[in-house]
Number of protein chains: 2
Amino acid sequence: MDLYDEYRVKPDGKVQLKVIEPREDKPFKDREEAEQLTAENVEAIRQLQYRMFVEGKQSLLIVLQAPDAAGKDGLIRRVLGKMNPQGCRVHSFKKPTELELAHDFLWRVHPCVPARGQVSIFNRSHYEDVLIVRVHDLVPKSVWKERYDLINSFESLLASAGTRILKFYLHISPEEQLERFKERLDLPEKHWKLNAADYHERDRWDDYREAYQAAFEKCSPKHAPWFVIPADRKWYRNAVVSQIVRKTLEEMDPQLPPVTEDLAEIRRLYGMAEGED
Amino acid sequence: MDLYDEYRVKPDGKVQLKVIEPREDKPFKDREEAEQLTAENVEAIRQLQYRMFVEGKQSLLIVLQAPDAAGKDGLIRRVLGKMNPQGCRVHSFKKPTELELAHDFLWRVHPCVPARGQVSIFNRSHYEDVLIVRVHDLVPKSVWKERYDLINSFESLLASAGTRILKFYLHISPEEQLERFKERLDLPEKHWKLNAADYHERDRWDDYREAYQAAFEKCSPKHAPWFVIPADRKWYRNAVVSQIVRKTLEEMDPQLPPVTEDLAEIRRLYGMAEGED
C-alpha cells in the first residue's frame with residue numbers, strides 16, 4: 001500500500017472529509033508494527049536530511065494544519081522534530097500582529113521558507129487565511145476568494161527555487177477531540193492549554209470542514225500536495241507522515257557534493273603517505 | 001564535584017588554556033557513567049525546556065565557539081539539539097555577507113537572540129569578531145579592542161530582558177584535532193568537510209589561544225559566563241555541557257503559568273460532573 005498516494009489529494013480531485021475514516025489502522029497489523037516503521041523512517045529521514053544539508057541545493061517545506069488537539073505538537077515532538085536542528089526550523093504562526101496585518105497575508109510567511117539545504121516546518125501557516133479567516137468572516141469573501149490562486153502562485157515560486165512542499169492535515173474526529181480535551185483536565189501540567197474558546201470552536205466544525213475541503217481541492221498541485229492523515233490514533237498518524245516524508249526525501253535523492261579539494265595534497269599536509277590510511 | 005564552577009571562567013579571572021587538560025575524565029569512573037549522566041541530563045533538560053516554553057518569561061542563549069573539528073556539530077546533534085525544536089533554534093554564523101559587513105558587528109546576531117520562552121544556540125557567534133578578526137587583522141586593533149566592552153553591554157541588555165547566557169569553548173588539543181582531520185579522510189561521506197585552509201589555520205594556534213583567552217578574561221560576567229570544556233573526549237564534553245545546561249535551567253526554575261480559565265465551567269462544557277474525572 002503506497003501511503004503517499006493513498007492519502008494525497010489529487011490535483012483537481014474532490015475531497016469529502018466526512019467519508020474519510022479518522023480511526024484508521026490499515027495497512028498495519030498492529031500498533032507495534034506501525035511504531036517500528038516510524039522508528040525506521042525517523043532514522044532514514046535524519047540521514048537523508050544530512051545529505052540534503054550538505055548538498056545545499058534543494059529544500060523541504062512541511063505545512064501542518066489541524067483542529068485543536070489533533071496532534072501537531074506531538075507529531076513535531078515524536079517525528080519531524082527528530083531532524084537535526086542545524087538544518088530544520090519550526091515556525092509557529094499565531095494570531096497576526098498589527099504589523100503583519102498591515103501587509104499582504106504572505107508577508108509574514110515568506111521570510112520563514114527554507115533556504116537551500118534546509119527544512120522548515122510550519123505549525124499553522126498561510127492557510128489560516130483561508131480557514132479561520134473564512135469561517136469567522138475576518139475579511140470579506142471577495143478577499144479570501146482570491147487567496148487560493150495567490151497561494152498557488154506563491155508555492156510555485158518556492159517550487160521553482162528547489163523547494164519541495166508537503167502539506168499535512170491531521171484528520172481527527174470531534175469525538176476524539178473531546179476525549180483529548182477531557183484528558184487535559186486530568187493532567188495539571190496541561191491545564192494551561194485549556195480554554196473555553198477552543199470548546200466553542202467545535203460549534204463551527206462543519207464550517208471548518210467546508211473551508212478545509214475548499215483549500216485542499218484548490219491548492220493541491222503535484223509539486224505541493226495536501227495529505228489528509230487519519231489522526232485519531234497517534235501511532236498511525238506518526239507512521240503515515242514519517243513514511244510520506246521519507247519517500248519524498250528519497251525521491252529528492254540528495255547527493256553529497258563532489259570533492260573539490262586535492263586529497264593527495266591534504267594527505268601530504270597531514271603527514272600521511274599516499275594510501276597509508 | 002560541581003562541574004559548573006569547575007569549568008566556569010570567573011569574572012576578572014585569568015585563563016591559561018595551556019594548563020587546562022583537554023583529555024579529562026574526572027570525576028567520572030568511566031565512559032559509561034558519563035554517558036548515563038548525559039542521558040539523564042538530556043531528559044531533564046527537555047522537561048525544563050517545556051516548562052520554560054509554557055512559562056514564556058525567561059529565555060536561554062547558548063554560545064558555542066571552538067577550533068575546527070572540536071565537536072560543535074556533534075554536541076548539537078547529541079545533546080543540545082535534543083530539545084524540542086518548537087522552542088529551540090540553531091543559528092550558524094559564517095563568513096559575514098556584504099550586507100552584514102555594512103552594519104555594526106552585532107547587527108546580524110541581534111535578530112537571532114531568543115524570545116521569552118525560547119532557546120537559541122549560536123554555532124559560532126559575535127565572538128568571531130574578536131577571534132578570527134583579531135588573528136587575521138581583518139580590522140585594525142583600535143576597532144576590535146573596543147568590542148569586548150560592546151559585547152558586555154550587549155549581553156547585559158539581553159540579561160536585563162530575562163535571557164540567561166551560557167558560553168562554551170570546546171577545548172581540544174592540536175593532536176586530537178589532527179586525528180579527527182585524518183579520520184575524515186577515511187570516511188567518504190566526510191570528504192566534503194576537508195579543506196587545506198583548515199589545516200593551515202593550525203599554524204595560528206598560539207594566536208588563537210591568545211585571542212580566546214582575552215575574550216574569556218574580558219567577557220565572563222556572572223550573568224554570561226564562559227566555560228572551558230575539555231573536549232578531546234566526546235563523551236566527557238557531552239556530560240559536562242549537559243550538566244551545566246541542566247543546572248542553569250534548574251536555577252531558572254521555570255513555572256507553569258497559573259490557570260486563568262474557570263475549570264468548573266470547562267468541566268460543565270465537556271459534560272462532566274464536578275470531580276467526575
Side-chain angles (χ1 to χ4, degrees), chain A residues 46-47 50-51 54-56 72-73 76-77 80-92 111 119 121 123 178-179 181-200 202 255-263 265-272 276-277, chain B residues 46-47 50-51 53-56 72-73 76-77 80-92 111 119 121 123 178-179 181-200 202 256-263 265-272 276-277:
Chain A
R46 277 183 73 95
Q47 290 177 23
Y50 175 76
R51 297 178 83 88
V54 175
E55 181 194 55
K72 294 194 308 312
D73 293 344
I76 291 171
R77 199 167 56 245
L80 304 174
K82 299 287 184 188
M83 284 190 260
N84 189 323
Q86 292 228 59
C88 178
R89 290 223 179 130
V90 181
H91 299 272
S92 298
V119 181
I121 299 168
N123 185 345
L178 186 57
E179 276 313 303
F181 281 173
K182 285 181 179 175
E183 280 166 21
R184 290 178 180 175
L185 270 170
D186 291 335
L187 299 167
E189 75 273 19
K190 293 262 174 97
H191 280 179
W192 65 274
K193 281 196 172 188
L194 289 168
N195 77 71
D198 286 344
Y199 184 84
H200 292 302
R202 290 166 53 84
Q255 298 295 321
L256 296 177
V259 179
T260 52
E261 292 278 315
D262 179 349
L263 291 185
E265 163 70 3
I266 285 178
R267 240 178 264 274
R268 194 189 59 72
L269 285 172
Y270 293 178
M272 297 162 77
E276 189 190 315
D277 58 294
Chain B
R46 276 182 74 94
Q47 290 179 21
Y50 175 75
R51 298 178 81 88
F53 177 77
V54 176
E55 181 193 55
K72 295 195 305 312
D73 293 345
I76 292 171
R77 199 168 56 246
L80 303 174
K82 300 287 184 188
M83 283 190 261
N84 189 323
Q86 292 228 58
C88 178
R89 291 222 178 131
V90 180
H91 299 272
S92 298
V119 181
I121 298 169
N123 185 346
L178 187 55
E179 276 312 304
F181 281 173
K182 285 180 178 175
E183 281 166 20
R184 290 178 181 175
L185 269 170
D186 291 336
L187 300 168
E189 75 272 20
K190 292 262 174 100
H191 280 180
W192 64 275
K193 281 196 173 188
L194 289 168
N195 76 71
D198 286 344
Y199 185 83
H200 292 302
R202 290 166 53 82
L256 296 178
V259 179
T260 51
E261 292 278 315
D262 180 348
L263 291 187
E265 163 70 3
I266 286 179
R267 241 177 263 274
R268 193 190 59 73
L269 285 172
Y270 293 177
M272 297 163 76
E276 187 191 315
D277 58 295

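Keep in mind that this is a model prediction, so the values were computed, not measured. All chains are named by letter (A, B, ...) in the order of the sequence lines, taking the proteins before the strands, and each is independently numbered beginning at 1.
Ring geometry for A/Tyr270 against B/Tyr199 counts as tilted: the plane angle lies between 30° and 60°, on a 0 to 90° scale.
In this structure, no portion of A/Glu265 lies under 4.5 Å from any heavy atom of chain B. Both the backbone and the side chain of B/His91 come within contact range of chain A, judged by heavy atoms closer than 4.5 Å. With a 4.5 angstrom heavy-atom cutoff, B/Asp262 does not touch chain A via any of its atoms. With a threshold of 4.5 angstrom between heavy atoms, B/Leu269 approaches chain A through its backbone and through its side chain. The part of B/Arg46 that comes within reach of chain A is its side chain, from C-beta onward, which places non-hydrogen atoms under 4.5 angstrom from that chain.
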Name every donor-acceptor pair, under 3.5 Å, that has one atom in a side chain of residues 191-198 of chain A and the other anywhere in the protein, sequence neighbours excluded.
{"residue": "A/His191", "atom": "NE2", "partner": "A/Leu185", "partner atom": "O", "Å": "2.9"}
{"residue": "A/Trp192", "atom": "NE1", "partner": "A/Glu189", "partner atom": "O", "Å": "3.0"}
{"residue": "A/Trp192", "atom": "NE1", "partner": "B/Tyr50", "partner atom": "OH", "Å": "3.1"}
{"residue": "A/Asn195", "atom": "OD1", "partner": "A/Ala197", "partner atom": "N", "Å": "3.0"}
{"residue": "A/Asn195", "atom": "OD1", "partner": "A/Asp198", "partner atom": "N", "Å": "3.0"}
{"residue": "A/Asn195", "atom": "ND2", "partner": "A/Asp198", "partner atom": "OD2", "Å": "3.3"}

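Partners of A/Arg184 according to the side-chain hydrogen bond (donor to acceptor under 3.5 Å, both in side chains) rule, which considers only residues two or more places apart in sequence or in another chain, do not exist here.
A donor-acceptor contact shorter than 3.5 Å is absent between the side chain of A/Arg89 and the backbone of B/Pro85.
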